[in-house]
Amino acid sequence: MNQAYELLPPEFYRMPTLELARSLLGCLLIKETEEGIASGYIVETEAYKGPGDRAAHSYGNRRTKRTEVMYREAGRAYTYTMHTHTLFNVVSAGIDEPEAVLVRAVEPHEGVLLMEKRRSGKKPRDWTNGPGKLTKALSITMDDYGRLLTEPPLYIAKGYIPDDISCGPRIGIENSGEAREYPWRFWVKGNRYVSR
DNA sequence: AAAGTGATAACCT
DNA sequence: GGTTATCACTTTC
């Protein structure tokens with residue numbers, strides 16, 4: 001159960017956002033709750049590069065209650081509610097550099113029974129193959145907003161090194177002008193849990 | 001492929 | 001106090 005996960009150090013999150021998005025692939029995202037531990041390997045991410053990125057919530061240095069945490073140091077959780085779903089991002093870059101990496105999909109690892117319960121009635125690959133789905137499967141909520149990802153109950157640990165990584169345009173940002181063309185989405189090639 | 005859903009917060013009167 | 005937009009998902013045609 002409580003195996004020896006090797007947590008990623010705070011320094012890990014300080015690399016450039018695009019690099020971080022790629023480096024997070026294969027890492028383990030872990031959430032501890034009263035019900036137990038659930039974790040999954042990150043298999044799909046998207047980079048959002050702050051002020052110059054029309055698709056980012058922090059475009060033009062928009063600073064609000066919601067985006068506030070992106071202006072803090074790297075390695076914190078930026079959770080965001082959309083419709084009925086919670087989305088999970090990893091804050092990157094430095095203080096006053098509002099950049100982040102959206103985790104779009106994970107591959108179930110530990111706590112499969114919990115995920116099945118939380119996503120009842122769904123097929124295994126529908127448990128975590130989308131940004132709103134994985135948060136439900138891992139029980140990530142707005143309570144996790146601003147939390148450091150280097151300590152329980154929500155943290156990221158070393159996983160495996162993916163053999164093959166692909167990149168392409170991001171998803172769900174049609175209304176963002178030219179920014180939607182940028183190949184800032186990364187995923188593990190061939191992995192079944194990648195969305196779309 | 002398309003419509004319906006419906007939480008939060010910004011941006012208007 | 002109402003309107004609009006948002007880094008989706010589910011169900012239904």
Side-chain angles (χ1 to χ4, degrees), chain A residues 13 16-25 29 40 42-72 74-93 97-108 115-147 149 154 156 166-188 192-196:
Chain A
Y13 300 96
T17 302
L18 287 175
E19 227 173 282
L20 182 65
R22 195 164 43 228
S23 302
L24 281 173
L25 293 176
L29 176 62
I42 297 171
V43 296
E44 184 179 356
T45 60
E46 281 180 9
Y48 286 87
K49 280 181 63 73
D53 182 0
R54 285 260 282 122
H57 291 160
S58 52
Y59 173 64
N61 273 314
R62 210 157 62 110
R63 187 163 189 157
T64 65
K65 195 173 165 188
R66 188 176 67 177
T67 61
E68 185 64 32
V69 72
M70 286 203 277
Y71 291 83
R72 300 246 250 147
R76 286 186 182 270
Y78 170 36
T79 52
Y80 162 70
T81 310
M82 169 166 189
H83 295 80
T84 54
H85 310 286
T86 302
L87 278 62
F88 169 74
N89 302 253
V90 178
V91 175
S92 62
E97 292 174 324
E99 307 189 2
V101 175
L102 168 69
V103 177
R104 289 193 54 89
V106 303
E107 175 179 348
M115 297 192 210
E116 179 167 26
K117 194 173 92 187
R118 290 164 178 162
R119 304 275 309 139
S120 60
K122 303 293 185 298
K123 290 176 294 186
R125 53 165 308 188
D126 284 328
W127 292 346
T128 56
N129 67 339
K133 302 182 195 178
L134 73 92
T135 54
K136 190 161 284 181
L138 294 182
S139 197
I140 295 173
T141 69
M142 285 308 287
D143 287 345
D144 294 308
Y145 180 88
R147 241 171 211 163
L149 294 170
L154 179 64
I156 297 178
S166 304
C167 64
R170 292 173 294 181
I171 289 177
I173 53 169
E174 303 269 311
N175 211 345
S176 305
E178 292 182 1
R180 82 183 137 180
E181 314 275 331
Y182 302 161
W184 288 352
R185 170 173 171 249
F186 303 91
W187 66 93
V188 177
R192 302 199 325 266
Y193 290 92
V194 172
S195 64
R196 311 271 166 116

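Note that the coordinates shown come from a computational prediction; the quantities given were computed from them, not determined experimentally. Atom set for the values below is all heavy atoms of this structure, side chains included, hydrogens, waters and symmetry mates excluded. Below, read A as the first sequence line, B as the second, and so on, with proteins coming before strands; counting in each chain starts at 1.
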**Q** Would you say that A:Arg76 contacts A:Tyr13 through its side chain, given a criterion of any heavy-atom pair below 4.5 Å between the two side chains?
**A**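 A:Arg76 vs A:Tyr13: side chains apart.
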**Q** Nearest whole Å is fine: how far is C:dT6 P from A:Glu174 CD?
**A**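 One finds 11 Å between P of C:dT6 and CD of A:Glu174, rounded.
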**Q** So which nucleotide does C:dT6 pair with, by the Watson-Crick or G-U wobble rule with both distances under 3.5 Å?
**A** B:dA7
**Q** Does any non-hydrogen side-chain atom of A:Met70 lie less than 4.5 Å from one of A:Glu99?
**A**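 No. Closest side-chain heavy atoms not under 4.5 Å.
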**Q** To the nearest angstrom, how far is A:Met142 atom CE from C:dT6 atom P?
**A** 18 Å
**Q** Less than 5.5 Å between centroids and less than 30° between ring planes, does A:His83 satisfy that with C:dC9?
**A** no
**Q** Classify A:Ile173 by what it touches in the nucleic acid, base, sugar-phosphate, or nothing, heavy-atom distance under 4.0 Å.
**A**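 Answer is sugar-phosphate: A:Ile173 comes under 4.0 Å of backbone atoms only.
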**Q** Any side-chain donor-acceptor pair under 3.5 Å between A:Thr17 and A:Ser92?
**A**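 Yes, side-chain donor-acceptor contact under 3.5 Å.
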**Q** Distance check needed: B:dG6 C1' versus A:Met82 CE, whole Å only.
**A**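 Roughly 11 Å, once rounded to whole Å.
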**Q** Take the protein atom CZ of A:Arg185 and the nucleotide atom P of C:dA8, then report the distance between them rounded to whole Å.
**A**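 In whole Å, C:dA8 P lies 11 Å from A:Arg185 CZ.
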**Q** Let me know the distance between NE2 of A:His85 and P of C:dT11, rounded to the nearest Å.
**A** 11 Å
**Q** Please evaluate the base of C:dT6 for a donor-acceptor partner in the side chain of A:Tyr80 within a cut-off of under 3.5 Å?
**A**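 When only heavy-atom distances are counted, A:Tyr80 does reach the base of C:dT6 through a donor-acceptor pair under 3.5 Å.
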**Q** Using a 4.0 Å heavy-atom cut-off, does A:Arg104 contact any base of the nucleic acid, only the sugar-phosphate backbone, or nothing at all?
**A**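 Sugar-phosphate, backbone atoms only, no base.
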**Q** Could you tell me whether the phosphate oxygens of B:dA10, OP1 or OP2, come under 4.0 Å of any side-chain nitrogen or oxygen in A:Thr64?
**A**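 So the side chain of A:Thr64 is within the cut-off, an N or O lying under 4.0 Å from OP1 or OP2 of B:dA10.
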**Q** When the distance from CZ of A:Arg119 to C1' of C:dC9 is rounded to whole Å, what number comes out?
**A**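 Atom CZ in A:Arg119 sits about 8 Å away from atom C1' in C:dC9.
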**Q** Rounded to the nearest angstrom, tell me the gap between atom NZ in A:Lys65 and atom C1' in B:dC11.
**A**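 Value for this atom pair: 16 Å.
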**Q** Which of these nucleotides, C:dT10, B:dA9, C:dC9, is closest to any side-chain atom of A:Lys122?
**A**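 Nearest listed nucleotide: C:dT10.
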**Q** Should A:Arg54 be listed as having a side-chain N or O under 4.0 Å from OP1 or OP2 of C:dT6?
**A**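 So the side-chain polar atoms of A:Arg54 never come under 4.0 Å of the phosphate oxygens OP1 or OP2 of C:dT6.
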**Q** Choosing from B:dT5, B:dA10, C:dC9, which nucleotide comes nearest the side chain of A:Pro131?
**A**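 Comparing B:dT5, B:dA10, C:dC9 against the side chain of A:Pro131, the answer is C:dC9.
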**Q** Do A:Asp53 and A:Arg170 meet the salt-bridge criterion of a basic N to acidic O distance under 4.0 Å?
**A** yes
**Q** Establish, with yes or no, whether the OP1 or OP2 oxygen of C:dT6 is under 4.0 angstrom from a side-chain nitrogen or oxygen of A:Arg66.
**A** no
**Q** Please give me the minimum heavy-atom distance between A:Lys49 and A:Leu18, naming the atom from each residue.
**A**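 Closest pair (atom of A:Lys49, atom of A:Leu18, distance): CD-CG, 4.1 Å.
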**Q** Can you identify which nucleotide, out of B:dA7, C:dA8, B:dA10, has its nearest atom closest to the A:Thr81 side chain?
**A**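 Shortest atom-to-atom distance from the side chain points to B:dA7.
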**Q** So, does A:Lys133 get its side chain near the phosphate of C:dT10, meaning an N or O under 4.0 Å from OP1 or OP2?
**A** yes
**Q** Taking CG from A:Leu134 and C1' from C:dC9, how many angstroms apart are they, rounded to a whole number?
**A**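 For the pair A:Leu134 CG and C:dC9 C1', the rounded distance is 13 Å.
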